[in-house]
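Below you'll find the structure, written out as structure tokens, and then a few comments.
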Amino acid sequence: MLREPDAADWLMYSRTYDAQRFSPLDEINSRNVGLLQRAWTKPLPEGPIEVIPVVHRGVMYLTTPGSRESSSRVWALDAATGELLWETELPQRPAASPMTFLHQGKQYVAMAIGGGVDAEVVAYAI
């Protein structure tokens with residue numbers, strides 16, 4: 001699935017192992033790009049954010065920023081409507097922005113926790 005992703009999916013950081021960052025979808029082209037209109041918006045919590053959403057079978061997964069008062073969350077959104085399908089709070093506060101990914105059909109969130117010699121990478125299956 002990751003070697004040859006479905007054209008409608010964006011399963012990892014750069015979409016493909018060779019980091020194309022290019023979608024093969026062709027519904028939007030130079031003749032109709034000027035007709036694009038906003039389909040939906042979803043406000044994010046305040047805080048610094050570095051996220052590349054993962055899209056699989058019409059569901060967009062992303063992590064929200066955390067703060068001193070609240071942990072980051074993982075959101076699953078309907079990619080067509082922006083409707084929140086589910087969310088979960090991450091049990092630990094990351095040292096940097098968490099990253100979502102798919103592996104063997106499961107959704108994971110990985111993050112760096114702590115800093116210096118006590119730092120570790122933690123992954124949660126969702």
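Heavy atoms only: backbone and side chains are in, while hydrogens, waters and symmetry mates are out.
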#### Entry: Worked verdict on Leu77 versus Leu85 for side-chain contact (heavy atoms from CB on, under 4.5 Å)
CA-CA 5 Å; Leu77 306 174; Leu85 302 174; 5.8 Å; no

### Message
Could you go through Trp86 and Val74, starting from their C-alpha distance and side-chain angles, then the distance that decides it, and tell me whether this counts as side-chain contact (heavy atoms from CB on, under 4.5 Å)?
### Response
CA-CA 8 Å; Trp86 57 261; Val74 177; 4.0 Å; yes

### Query
Would a distance-only check, ignoring hydrogens and angles, find a side-chain to backbone donor-acceptor pair under 3.5 Å from Trp10 to Pro5?
no

### Qualifying residues under salt bridge (Lys or Arg N to Asp or Glu O under 4.0 Å), relative to Arg73, sequence neighbours excluded
Glu87, Glu89

### Intermediate values then yes/no, side-chain contact (heavy atoms from CB on, under 4.5 Å), Phe22 and Thr16
CA-CA 9 Å; Phe22 173 79; Thr16 58; over 6 Å; no

### Task
Kindly write out the residues that satisfy side-chain hydrogen bond (donor to acceptor under 3.5 Å, both in side chains) with Ser23, not counting sequence neighbours, or none if the list is empty.
none

### Query
Listed by chain and number, what are the side-chain contact (heavy atoms from CB on, under 4.5 Å) partners of Asp6, not counting sequence neighbours?
Ala8, Asp9

### Min side-chain heavy-atom separation Asp78-Trp40 under 4.5 Å
no

For residues 25-37, tabulate all N or O donor-acceptor pairs below 3.5 Å that involve a side-chain atom, not counting sequence neighbours.
{"residue": "Asn29", "atom": "OD1", "partner": "Arg31", "partner atom": "N", "Å": "2.9"}
{"residue": "Asn29", "atom": "OD1", "partner": "Asn32", "partner atom": "N", "Å": "3.2"}
{"residue": "Asn32", "atom": "OD1", "partner": "Asn29", "partner atom": "N", "Å": "2.8"}
{"residue": "Asn32", "atom": "ND2", "partner": "Glu27", "partner atom": "O", "Å": "2.8"}

#### Entry: Leu44 and Leu62, any side-chain heavy atoms less than 4.5 Å apart
yes

#### Entry: Interatomic distance, Trp75 atom CH2 to Met60 atom CE [nearest 0.5 angstrom]
11.5 Å

#### Entry: Inter-residue atom distance Thr81.OG1 - Lys42.NZ, 0.5 Å rounding
9.5 Å

